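What follows is a short report on a single structure.
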Amino acid sequence: MAPGLVEPAVSAESTRSLSSVTTDFDDTLRFYLNGTKVVLDSADPEVTLLEYLRGIGLTGTKLGCAEGGCGACTVVVSQYNPTTKKIYHASVNACLAPLVSVDGKHVITVEGIGNVTRPHPAQERIAKSNGSQCGFCTPGIVMSLYALLRNDPSPSELHVEEAFDGNLCRCTGYRPILDAAQSFSAERSCGKSKANGGGGCCMEQNGVKNGDTNGCCKSGIDGDSQSIKRFTPPGFIEYKPDTELIFPPSLRKHEFRPLAFGNKRKRWFRPVTLQQLLEIKSAYPSAKIIGGSTETQIEVKFKGMQYTASVFVGDIPELRQYDLHEDYLEIGGNIVLTDLEDIADKAVEYYGETRGQPFAAIKKQIRYFAGRQIRNVGTPAGNLATASPISDLNPVFVASNAILVAKSLDKTTEIPMSEFFMGYRLTALPPDAIIASIKIPVAQEKGEYLRAYKQAKRKDDDIAIANAALRVQLNEDYTVDSCSLVYGGMAPITIAAKTAVEFLRGKKWTNPATLEGVMNALEQDFDLRFGVPGGMATYRKSLALGFFYKFYHEVLVLLKADQTEVDEQAVGEIERMISQGKKDHTAGQKYEKKVIGKERPHVAALKQCTGEAQYTDDIPAQKNELYGCLVLSTKPHAKILSVDPAPAFDIPGVVDYVNHKDLPNPQANWWGAPCCDETFFAVDEVFTAGQPIGMVLANSAKQAEAAARVVKVQYEELPAIFTIEEAIQNESYFQHYRYINKGEGAEEHFDDAIWDKADHVFSGIARMGGQEHFYLETNACVVVPKPEDGEIEVFSSTQNPSETQVDSYVAQVAGVAANKVVCRVKRLGGGFGGKETRSIQLAGICTAAAVKTKRPVRCMLNRDEDILTSGQRHPFLARWKVAVNKDGKLQALDADVFANGGWSQDLSGAVVDRALSHIDGCYRIPNVHVRGRIARTNTVSNTAFRGFGGPQGLFIAETYMSEIADRLDIPVEELRQINMYEPGDITHFNQELKDWYVPLMYKQVQEESEYARRRAEITEFNKTHKWNKRGLAIVPTKFGISFTAIFLNQAGALVHIYHDGSVLVAHGGTEMGQGLHAKMTMIAAEALGVPLESVFISETATNTVANTSSTAASASSDLNGYAIWNACAQLNERLEPYREKLRQKGEDITMAKLAHSAYFDRVNLSANGFYKTPDIGYVWGPNTGQMFFYFTQGVTAAEVEIDTLTGDWTCRRADIKMDVGRSINPAIDYGQIEGAFVQGQGLFTTEESLWQRGSGTIFTRGPGAYKIPGFRDIPQQFNVSLLKDVAWANLRTVARSRGVGEPPLFMGSAVFFAIRDALKAARSQFGETGLLSLQSPATVERIRLSCADWIVRRAEVRPAEGEKSFFLTI
């Protein structure tokens, strides 16, 4: 890590001057917290609101990213708003908010609104609607909903859906959360209506046109459902706004006093008048001005910036006013963006739509600017002063010729916005001045047009790739009098396209040559080089051209210039309706038992919604506890010349430094599963950026972070390999090599003669990127050394507490036997495979530190540290060759498959093995020869991730199916049907398909989704729409259930029955949101015949159930469920005599009576259950034995619409049907299906991991750069159903259920293949007949560059000789 950066030094005179200015300032913070008054006389100036809250025990508010991008830390700050003169309940990111910002306000946390005995309706409805799985994000989501309801008790459907744009959830797929939240909305109305933010529903646009009801979300819906006012669904608490926490009366009278407090390192100042602020700025020009702290806190947290004097300006009423003048709107520099949205609406209403165009543009840009939590504190002045080149607002200010009013103590200066930006992060603002206001001129009544545009990786809460504000003033004959073409994301500053502007002046807008001339000029203005910082040169250039093309034709439409050819279809953007979904809640009714088979919420859902559920870092601090921070390598491959931790000890609070020398012996430093090829601490050489070198221990996490930055490491850099292609070129592989060879030749092996016999032989390459787990809770660990016998207690957020975590590695590092180590796991805030092995690293290092210091050690990784160290889903590359006959029947598949394993092997071998076993998809191929290798590179060690190689293998299959269909010119749906496995068929690894229902579901999904009708409609739509294209795809899946390592297919359980009839269950699985504990308690309750409320699971611990397998492979319910069933069977056998006695007496049989009687007869009321999966035992090479116990199956149809001018897209609809057998709990299974689908959609679309070529480090290390799907990325119509009314004759699992955690993830690829389908239509429109080979993920950039239209062709940027791209995909 780089040393902390410090602001420019200031003279002692300035410091003294500042002291004299602030002599009379108060030093006490006063605010309310959950209704209680708080007075802080000695507040720590360096803590955020989140750190304060968690420090006093309010741990319901979580740390997810520390950059305001995930919403896990959301709290509500109620305050008097000086702009609106009303009380406003603002959802804010506590991780960014400085403590000084809450003075005079009421802070409300999730604990303050309800608890499990008296939950708030928002908490209860999310819990009961299955809107909480791992629960780590849930408190933040609850508080966003709470803020919405406090401000508007009857919100519109649009306001409900947009309320969560600053929150992320990795588990649920968002649908159940939205369903719960919409129960508060005022009415059901058209998703495209103007009230819901659309361009107008079909009724508002004078009825249905040409009988096309495609765009009407009301079609097919019972008319009575359209005007239902808000109601309380059955079983829910009624929402009564008048029972909410009141705004404390004393705060209405609160006198905001100027504040000054702090210590030698840091001081805060909070002026309350403009005069006080100007005096501070005059005395101390380099004082850091803080508005929302949305950027400054990130600089402090991740860049090590230190600002000794910070000035919070959020409580100066003069800077938060606005005035509607005759010809301009003046807004205070510190108006928050949420208020600016409303002001923009008022301005449009006041000036009219024509003159109000600049304000409509501002409103449009703010709508997709960050999340609501950021907009509640962010300000225009902050936007301007930081001078971000991708700011969404700055281009509008420049294009509208706004004037910035800068004030200093002795003068006021007006700066034209066109002259404000001087260079990268450099402005014309004088050092002693502040931005007091911005004057934004109105548009002319006639002839002036202004529009704003933005394109990002994700629609909501994302920074722009490029944006623009384009303005033109035309005279009566349509000649250009003046214009502004201002772009962001095209240069180091917000910049005007000067050549294009110069060309445009005096030209006639309606002359087609004008468009061509401007496009040529824009190419000169933005002549980006291939390796431009930020990358995406061709895409950014195409956006610059595309934005103007849209603008040009929109103006022509408004001019109604009949003599000019107008491309009306270029106008506008994709509109998204209010999302909705359907589930079949009757699917499991036929199989219901007393407990099993019924829909029930997650057992901890309500605790998670109230903030009472405890995660690893919520455990109260131990006495003498130390905080650890990793010292990580900054080079991808280098020799370590020296490590000097001495500077770290100069930082107050630092206690110790730990590295490999502190381990019992050199062998103790080695770990890895299954190959022990990785070290806890680097010794002489580092093999990736982010490899641990040591750990600094301090009395606080902040001190440890600061100290870790200053540890000096000297390197000698060595050559590094990053991509699979580079590894192949350098023959850099791990030893692991597997193949599957099956055919119709001799000894059932592949016969090369097949290539000559087939009608066609096609070959191609399938390439897909990796995926960051992005569990909301990062890896965390607390290690407590005991005073006796070297005992160690480990609290860890791990999926694998037993086998590797304790027995092999923590014990090894501590130098004790495994029986001296206990690992405890209450719950995980998400895992997805990322905490199966990678959690070992942190636990081992913390153990080394605890053993050395003999003190408890805690470490929760920051989001960037977690991404740097924990690994991802493996990127894959496959070179395939397929033989196929004229009738479309596949004859042979030959493929070389490569996975990027990173720098150590980890679980890469098993991942490749599973990919090879799934490379057939759902298709019968008589001859298959596939081979798998692991590329060894200098990137983070890639690891398990939901699907574990299965999605990669299936993606390869669907890629070759899609490309073969195109080459044969037959619909891919038909090719799938022709080659689909039938029941009883044998796979390429010689396993018979039993209970095979994919063909049935393939048929059902097509019928239920009206696939044929929609296909015809989409074909017609694509003929009549030039720039917007729709696509449709239907994709099947089969996923083998079992660990491929046979020994892992076992589980143990321990069941205790107590005197009162209550039951305690322990098993080896960990609860990470997938509902495992819910299913296990249901199985125990069913088996023992007791009410579900009588069964409890406390935690997963290695001293109750030993030698367990990791919670993975979608097999945990099967394994642990049968182990529990086995234990309960033993207990039932022992209790049967007592049941019989009660039957004979005619008494009620209760567990309390049974247990009481059995205990006094000295009958053992504890049982140890065990289960191992039968029949499996595949042997690689000979291709013999059964690989999987069974296959979970599914089929999904998805429809998308893409904007080919920008690459923007939306999923219009998804229909998912899964075969999960007889579901133990359909509600849990539906949640897994929805969550996996959306995670899969992210894998194949928005989630792209990028490495910086120059440094070799990962760039996408937080929500700011890495984009998982958000609330408004899910399918607009999201339908999920379970297969029913079939027999599962061969399914021998507990309750005949199937594993469901991983299989639905690949269903998200239906969105990818629907995008590909739409792209084929786009390419055909422009005469591109070549085969489309689309790489995953289908990002907006890849979508746009695949369109092959004339704009993207002329925007192409080619590399100069030897030039390489700025970013790498590995």
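Here the structure is a predicted model, which is why all the values come from computation and not from measurement.
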Exercise for review: With the side chain counted from C-beta on, respond yes when Arg1213 and Pro1275 share a heavy-atom pair under 4.5 Å apart, and no when they do not.
Suggested key: no
Exercise for review: Apply the test salt bridge (Lys or Arg N to Asp or Glu O under 4.0 Å) to residues Lys1267 and Asp460: give CA-CA distance (whole Å), side-chain angles for both, the deciding distance (0.1 Å), then the verdict.
Suggested key: CA-CA 10 Å; Lys1267 299 300 169 182; Asp460 281 320; over 6 Å; no
Point to revise | Ion pair Lys457/Asp462, N-O distance below 4.0 Å | key: no
Point to revise | Closest non-hydrogen atom pair between Glu1234 and Pro176, with its separation | key: OE1-CD, 3.5 Å
Check your understanding: Only one of Phe1306, Tyr1230, Phe1278 clears ring pair (Phe, Tyr, Trp, His ring centres under 6.0 Å) with Phe1237; which?
Key -> Phe1278
Check your understanding: Do Gln1239 and Pro1269 come close enough that some side-chain heavy atom pair is under 4.5 Å?
Key -> no
Practice item. For Ile1233 and Leu1282, run side-chain contact (heavy atoms from CB on, under 4.5 Å): C-alpha distance rounded to whole Å, both residues' side-chain angles, the deciding distance at 0.1 Å, then the answer. Key: CA-CA 10 Å; Ile1233 293 165; Leu1282 305 180; 3.5 Å; yes
Practice item. Look at Lys364 together with Glu573 and state whether they make a salt bridge at an N to O cut-off of under 4.0 Å. Key: yes
Review point. Between CE of Met980 and SG of Cys922, what distance do you get to the nearest 0.5 Å?
Key: 6.0 Å
Review point. Are the charged groups of Glu772 and Arg873 less than 4.0 angstrom apart, N to O?
Key: no
Review point. Considering residues at least two apart in sequence or located in another chain, which fulfil the side chain to side chain donor-acceptor pair (under 3.5 Å) criterion with Arg1354?
Key: Glu516, Asn520, Glu523
Revision key, fill the gap. Smallest heavy-atom separation, Ala468 atom then Gln365 atom, equals O-NE2, 4.4 Å
Review point. Which residues satisfy the side chain to side chain donor-acceptor pair (under 3.5 Å) test with Lys1003, sequence neighbours excluded?
Key: Glu1007
Check your understanding: Short question: side chain of Tyr487, backbone of Ala544 - any donor-acceptor pair under 3.5 Å?
Key -> yes
Review point. Side chain of Glu1199, backbone of Leu1032: donor and acceptor closer than 3.5 Å?
Key: no
Review point. In chain order, what residues pass the side chain to side chain donor-acceptor pair (under 3.5 Å) check against Arg175, with sequence neighbours excluded?
Key: Asp179, Ser579
Check your understanding: When you look at Glu1247 and Arg170, which way does the salt bridge (Lys or Arg N to Asp or Glu O under 4.0 Å) test go after all the steps?
Key -> CA-CA 12 Å; Glu1247 298 184 44; Arg170 195 54 152 163; 2.7 Å; yes
Review point. Can you tell me how far the CG atom of Asp392 sits from the OH atom of Tyr453, to the nearest 0.5 Å?
Key: 15.0 Å
Practice item. Using only heavy-atom distances, determine whether the side chains of Gln977 and Tyr1002 contain a donor-acceptor pair under 3.5 Å. Key: no
Review point. Just wondering, more than 12 heavy atoms not from Glu1356 lying within 6.0 Å of its CD?
Key: yes
**Study point:** Residue list, ring pair (Phe, Tyr, Trp, His ring centres under 6.0 Å) with Tyr449, at least two apart or on another chain
**Key:** none
Exercise for review: Take Gln1241 and Met1307 through the side-chain contact (heavy atoms from CB on, under 4.5 Å) test and state the conclusion after the steps.
Suggested key: CA-CA 8 Å; Gln1241 176 186 304; Met1307 298 284 74; over 6 Å; no
Exercise for review: Taking all heavy atoms of Ser185 and all of Glu157, pick out the closest pair and write down the distance.
Suggested key: OG-CG, 3.8 Å
Review point. Side chain of Ser1324, backbone of Lys1320: donor and acceptor closer than 3.5 Å?
Key: no
Point to revise | Check: Asn467 side chain, Gly488 main-chain N or O, donor-acceptor pair, under 3.5 Å | key: yes
Review point. Is a side-chain N or O of Asp1215 found less than 3.5 angstrom from the main chain of Ala1198, in a donor-acceptor match?
Key: no
**Study point:** Pairs involving residues 536-546, ordered by first then second residue, that meet salt bridge (charged side-chain N to carboxylate O under 4.0 Å, His left out) (sequence neighbours left out)
**Key:** none
Review point. Can you tell me how far CZ of Phe1312 sits from OG1 of Thr1245, rounded to the nearest 0.5 angstrom?
Key: 10.0 Å
Check your understanding: Between Ser1346 and Leu1332, does a side-chain contact (heavy atoms from CB on, under 4.5 Å) hold up when you go through it step by step?
Key -> CA-CA 8 Å; Ser1346 298; Leu1332 173 59; 4.0 Å; yes
Review point. So which of Glu162, Glu161, Glu341 actually passes salt bridge (charged side-chain N to carboxylate O under 4.0 Å, His left out) with Arg372?
Key: Glu341
Check your understanding: Does a salt bridge link Glu1328 with Arg1353, judged by any charged N lying under 4.0 Å from a carboxylate O?
Key -> yes
Exercise for review: Kindly indicate whether the side chain of Tyr174, heavy atoms from C-beta on, has any atom under 4.5 Å from the side chain of Leu168.
Suggested key: yes
Exercise for review: List the atom of Asn167, the atom of Gly71, and the distance in Å for their closest heavy-atom pair.
Suggested key: ND2-O, 3.3 Å
Exercise for review: Indicate, with yes or no, if the rings of Phe1244 and Phe1313 have centres closer together than 6.0 Å.
Suggested key: no
**Study point:** Nearest heavy atoms of Thr1369 and Leu1250, plus distance in Å
**Key:** CG2-CD2, 3.6 Å
Check your understanding: Hey, are Glu554 and Arg451 close enough for a salt bridge, meaning a charged N less than 4.0 Å from a carboxylate O?
Key -> yes
Review point. Got a second to check how far Ile1268's CD1 is from Thr1246's OG1, nearest 0.5 Å?
Key: 8.0 Å
Check your understanding: Minimum heavy-atom separation for Val1311 to Cys1211, with atom names?
Key -> CG2-SG, 4.0 Å
Review point. Can you tell if the side chain of Ile1343 reaches within under 4.5 Å of the side chain of Leu1319, non-hydrogen atoms only?
Key: yes
Point to revise | For Tyr539, all residues meeting ring pair (Phe, Tyr, Trp, His ring centres under 6.0 Å), sequence neighbours excluded | key: none
Exercise for review: Considering only NZ, NE, NH1 and NH2 on the basic side and carboxylate oxygens on the acidic side, decide whether Arg1212 and Glu575 come within less than 4.0 Å.
Suggested key: no
Review point. Can Lys454 be said to sit on top of Phe547's aromatic six-ring, NZ or CZ under 6.0 Å from centre and within 45° of the ring axis?
Key: no
Review point. Does the side chain of Gln771 come under 3.5 Å of the side chain of Ser1249 through a donor N or O and an acceptor N or O?
Key: no
Check your understanding: With a 4.0 Å cut-off, would you call Asp165 and Arg1272 a salt bridge?
Key -> no
Check your understanding: For Arg1015, does its backbone N or O pair with a side-chain atom of Arg1030 as donor and acceptor, under 3.5 Å?
Key -> no
Review point. Just by distance, do the side chain of Lys1029 and the backbone of Asn1022 share a donor-acceptor pair under 3.5 Å?
Key: yes
Check your understanding: His553 side chain to Val566 main-chain N or O, any donor-acceptor pair under 3.5 Å?
Key -> no
Review point. Mind checking whether Val571 and Lys550 have side chains closer than 4.5 Å, heavy atoms only?
Key: no
Point to revise | Beyond-backbone contact of Asn1028 with Gln569, side-chain heavy atoms, under 4.5 angstrom | key: no
Review point. If we ignore angles and hydrogens, is there a donor and acceptor under 3.5 Å between the side chains of Asp567 and Trp1027?
Key: yes
Review point. Between His159 (side chain) and Pro155 (backbone), is there a donor-acceptor pair under 3.5 Å?
Key: no
Check your understanding: Do the non-hydrogen side-chain atoms of Thr1196 and Val1005 ever get within less than 4.5 Å of each other?
Key -> no
Point to revise | Check: Leu470 and Val486 side chains under 4.5 Å, non-hydrogen atoms | key: no
Check your understanding: Would you say Lys1023's side chain and Thr1019's backbone share a donor-acceptor pair under 3.5 angstrom?
Key -> no
Point to revise | Arg1342 with Glu1248: basic N within carboxylate O range, under 4.0 Å | key: yes
